[in-house]
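Note that these values count all heavy atoms, side chains included, but never hydrogens, waters or copies made by symmetry.
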Amino acid sequence: MQERYEPAAVEAEAQQYWDRNRCFEAGEDSTRKKYYCLSMFPYPSGRLHMGHVRNYTIGDVLSRFMRMQGRNVLQPMGWDAFGLPAENAAMDNGVPPAKWTFDNISYMKAQLKSLGFALDWSRELTTCRPEYYRWNQWLFLRMLEKGIAYQKTGVVNWDPADKTVLANEQVIDGRGWRTGALVEKREIPMYYLKITAYAEDLLDALNQMPGWPDRVRAMQANWIGKSVGVRLGFPYDIDGLSGVLHAFTTRLDTLMGVTFCAVAAEHPLATHAALGNGKLAAFIEECKRGPAIESELATQEKKGMPTGLVVRHPISGEAVPVWVGNYVLMSYGEGAVMGVPAHDERDFEFAKKYHLSIKPVIDVAGREYSLHAWAPWYAEHGRCINSGAYDGLEFQAAVETIAADLSRKGLGEKQTTWRLRDWGISRQRYWGCPIPVIHCGVCGTVPVPDEQLPVVLPVDLVPDGSGNPLLKNEAFLAVTCPKCGGKGRRETDTMDTFVDSSWYFLRFACPDNDKAMLDSRVGYWAPVDQYIGGIEHAILHLLYARFWTRFMRELGMVAFKEPFAHLFTQGMVLKEAFLRKPETGRVEYFSPADVEVTLDPTAQRRIAVLRSDGQEVESGGVVTMSKSKKNGVDPQALVDEFGADTARLFTMFAAPPEQTLEWSDEGVQGASRFIKRLWKAVHDHVKQGAPAALDKAALSEEQRTIRRQAHQTLAKITDDIGRRRTFNTAIAAAMELLNALAKASHGSRQNSPQDGSVMQEALEIVVLGLSPIIPHVTHVLWHALGHRTALIDEPWMPVDSAALQTASIPMVVQVNGKLRAHITVAVGADEGTVRAAALADPHVQKFLGAGEIRKVIIVPGKLVNIVV
RNA sequence: GCCCUCGUGGCGGAAUCGGUAGACGCAACGGACUUAAAAUCCGUUGAGCGUAAGCUCAUCCCGGUUCGAGUCCGGGCGAGGGCACCA
């Protein structure tokens, strides 16, 4: 065995072994229990970042551990390869998005390989390949057939200069990011998927998903946003036109406090009223344009205008004026609200501004309304007052009684409203999966027949920023109508890239099937046992995948509703950022590599200085790694300098995996140091020749202690990786054991043959126990320790419970809950003996003093508490 | 505003079911080796008092439950995240 640890050589050796022997290619085997471990696949942006390294290391640790536990492990990898950045890169460099994407994939694949992840590359899939996305198209056609996909006009951001549609993130301060032109809202026909049909089930099932973090389930529930209330009607008779204005409310108990109704600018009644009213029409136009940024919606000033129309209160029959309000959303409920200024903050603000009357109808614990200013308690539940027949009723009773009265009049019924909207999937973009429909002048919109799939996206186009290049591509556009055989035109919209990721986890079971989207192999592997990814996907991706799986289940393609049994959301990777804020102009960031940080002991503060000019820089705090803040750490540089094992060890050790991880260059050094020490420990041991066989009966007290410690460590590592998923504490335990071994070997090492065999076993425990985390160095060390079998093919080591046995155990003694003494008692000693031993301790005696012993609590094997 | 998570040494963090607070690592300091530095190895390291044995205080703050609270309950303060005119 070589004395020096050389990561490059070690890692090449281990990786070549795994590759040559196809260790990680998974096959279906009904006799073995499967474990499908999946990390969210990356977008091929160019290079891996630390977030990827952390994500994939977590998945890799679990995969390797489960494999050694005897499970048939599948850990695949693919590429979420459609998307906007490829088009932007294409515009910048004049290269087709396909070329840019595939170049990135090949670079990043090499990076993933250099990190030694136990991936089954034979199942690699890429969503921008027709073999994959044809099944997006196929399933979309099934959705059309079932009415789950449908067409509707939708609003998009339109850049009038580039004549192109912009994604929300391309709109900055209401202007196009490239052109700076004021963005307009345009209504165009788009395809939607009816995810709302599954809202109830998607919400209910969250309660039966113990393998998901509470936080993610809460976020999804929030997003789905169920509210139970009443849809009520205000009848009207206007210009001979009679009808009912519908509104949704969760506060029917406040119905008698209605002093106005407000409708959205897009509401039909508003449109009607604007016919002969130029001022109103202008106001409606202004509202429709609205603020460009969503966050401004919530804070913009409430504005309104009377329509001049009047509806009747459904109970009292009183006249209620109808206003157009900019705070009413057409997309939620009925696009109209009943205005109860006394009990709703928004209505209050609106009523104040336009001098509408305010009528309190709820008594909250006898408190007095001032009506000059809003107080949060105005919206609390209470008892009805000023409400005629309903006076005195509590919230629940009031809602029931009023609802019953409305129902009798045909003016109200209970209704559930959802925040969740249908999923608009049309993107007026080139680099995505084509939506498989054809427009025919005669037949209208015609779905592409299955046998004509896939609709292949041309890969050689270079977008120039002036709209979707497909619109100018005759070869793509020209098509005959499948229905009438006449001249047709292909749809040029492509699908949202979230479609691609909504089912890729199932395709990994059968990536080579060119006859069907899924096959029976899915029944073996799916659902995913452990899914790992960033919290940023807590809502959209995970919700879409759950929806998609439900639809596939209805088609009989899968047998389950929930695609991911266990979900693990890893924390982000942070690092300190350094900056200067000039008097004028923008904040300038500096790479931490160019900054020297020193500690000034007198001033008790850290001083950061830019190396190039020697001047001080400010700390921007510990924040997410990003290009703009220049605080990213390149995984490749790290692997090149320290090796993949050090990178993996540090990311697993510095913090528990679900928490944020603060990057520290010194911490990386520490991880590297540990691996070197482990290498040296094995080297020093091996140098002394093969140890004797372990004779458990012939061990000295000291040797038994080391063995006990080793097996305790093994038990802890097994539990920490397998159950608790706290890889940081598993590593700490291994470090502790190695420290103890170093200490032990200082003195009596190799005096007896059994010293060598105890050391051998303990080192095997450290090496095997850490192998899921640092697989390369342990692969080599395992052989060095004399094993023929490759470590990856070894079964996980069982804990020798006999080694854990001791004759006596230490216990602590407290007096009145304060630690006062340590005693040692025989294992299995009865309470009387333990009590006597505790009381006999001189130190305990001192604290007992003259006091009377009121109680003695004994926690077996741990502690004695004497209450005086 | 609503919902969720979290507050522990100089720093990252540990303490798993209410039972020894600070494991492990980093940094710092002292020492060994070295012509020197790096690397490596050994030691010290929550605060205060004490020559020492040891004692007292200490897990954001205030209160409660308990023999015993970092951990459970109530109230506050602070940080982070999600949703947000959702009627």
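Stacking of A:R346 on the aromatic ring of A:Y327 is not recorded, the 6.0 Å distance cut-off and the 45° axial limit not both being met.
The shortest distance between the side-chain N/O atoms of A:H537 and the OP1/OP2 oxygens of B:G82 is not below 4.0 Å. Applying the 4.0 Å criterion to OP1 and OP2 of B:C86, one finds that A:R251 has every side-chain N and O outside that range. Distances shown here put every side-chain N or O of A:R215 at or beyond 4.0 Å from the OP1 or OP2 atom of B:C3. At the phosphate of B:G19, neither OP1 nor OP2 sits under 4.0 Å from any side-chain N or O atom of A:K862. Between A:K818 and B:A69 there is no side-chain N or O to OP1 or OP2 distance below 4.0 Å. Within the 4.0 Å cut-off from OP1 or OP2 of B:A27, at least one side-chain nitrogen or oxygen of A:R673 is found. Note on A:N739: a side-chain N or O is less than 4.0 Å away from OP1 or OP2 of B:G25. Between A:R725 and B:U16, a side-chain N or O to OP1/OP2 separation shorter than 4.0 Å is absent. An OP1 or OP2 oxygen of B:G68 is reached within less than 4.0 angstrom by no side-chain nitrogen or oxygen of A:R854. Here A:S227 reaches the OP1 or OP2 of B:A87: one of its side-chain N or O atoms lies under 4.0 Å away. Contact annotation: A:R217 side-chain N/O to B:C4 OP1/OP2 distance is not under 4.0 Å. When the side-chain nitrogen and oxygen atoms of A:N728 are compared with OP1 and OP2 of B:A14, one or more of them lie within a distance under 4.0 Å.
Across A:I809, A:V812, A:D841, a single residue satisfies side chain to side chain contact (heavy atoms under 4.5 Å, CB included) together with A:I823, and that is A:D841. Test A:W663, A:F727, A:F642 against A:F650 for ring-ring contact (aromatic ring centres under 6.0 Å, His included) and you get one pass: A:W663.
Rounded to the nearest 0.5 Å, atoms NZ (A:K302) and CD (A:E345) are 7.5 Å apart.
Comparing B:G31 with B:U45, their C1' atoms sit 15 Å apart, to the nearest whole Å. Separating the C1' atom of B:A79 from that of B:C24 is a span of 26 Å, rounded to the nearest Å. B:G13 and B:A27 have their C1' atoms separated by 14 Å, given to the nearest Å. For B:C3 and B:G76, the P atoms lie 13 Å apart once the distance is rounded to whole Å. Nucleotides B:G30 and B:A38, compared at atom P, are 13 Å apart to the nearest Å. As rounded to the nearest Å, B:A21 and B:U8 have C1' atoms that lie 8 Å from one another.
Among B:G12, B:C85, B:C67, the nucleotide with an atom closest to any side-chain atom of A:K855 is B:C67. Distance from the side chain of A:V337 is smallest to B:A87 among B:A87, B:G82, B:G25. Residue A:M735 places its side chain closer to B:C24 than to any other of B:C24, B:A27, B:C3. Listed nucleotides B:U16, B:C11, B:C67 differ in distance to A:V867; the shortest reach to its side chain belongs to B:C67. In the set B:U56, B:C83, B:C67, B:U56 carries the atom at the smallest distance from any side-chain atom of A:R820. The nucleotide whose nearest atom lies closest to any side-chain atom of A:R346 is, among B:A21, B:C26, B:C86, B:C86. The side chain of A:R421 has B:C86 as its nearest neighbour among B:A23, B:C67, B:C86. Checked against B:A87, B:C83, B:C86, the side chain of A:I539 finds its nearest nucleotide in B:C83. Among the nucleotides B:C86, B:U16, B:G25, the one closest to any side-chain atom of A:D720 is B:U16. Checking B:G12, B:G19, B:C3 against every side-chain atom of A:N222, the shortest atom distance belongs to B:C3.
The residue A:V328 sits close to a base: some heavy atom pair falls under 4.0 Å. Residue-level contact check: A:Q814 touches the bases, meaning some heavy atom is under 4.0 Å from a base atom. Here A:K716 lies in heavy-atom contact (under 4.0 Å) with a base. Here A:W418 lies out of heavy-atom contact (under 4.0 Å) with every strand. Using a 4.0 Å heavy-atom cutoff across all strands shown, A:I866 reaches no nucleic acid atom at all. When heavy atoms are screened at a 4.0 angstrom cut-off, A:G670 is found touching the sugar-phosphate backbone but no base atom. A:P656 comes within 4.0 angstrom of the backbone, heavy atoms only, and of no base. Among the heavy atoms of the strands lying under 4.0 Å from A:T660 are primed sugar atoms or P, OP1, OP2 only; no base atom is included. Within the 4.0 angstrom heavy-atom criterion, no nucleotide atom of any strand lies near A:F348. Among the atoms of the strands shown, none is found under 4.0 Å from any heavy atom of A:H343.
The partner of B:A32 is B:U40, by the rule that a Watson-Crick or G-U pair needs both atom distances under 3.5 Å. The base-pairing partner of B:G48, taking Watson-Crick or G-U wobble contacts with both distances under 3.5 Å, is B:C55.
No donor-acceptor distance shorter than 3.5 angstrom exists from the side chain of A:H822 to the backbone of A:P810, with no hydrogens or angles considered.
Remark: A:R217 engages A:D214 in a salt bridge, criterion side-chain N to carboxylate O under 4.0 Å.
At a cut-off of 3.5 Å, with distance as the only test, no side-chain donor of A:N222 or A:R419 sits close to an acceptor on the other residue.
Aromatic rings from A:F350 and A:W323 are positioned such that their centres are separated by under 6.0 Å.
A:M330 CE: more than 12 foreign heavy atoms inside a 6.0 Å radius.
Whole-Å rounding puts the A:H822 NE2 to B:G54 C1' distance at 13 Å.
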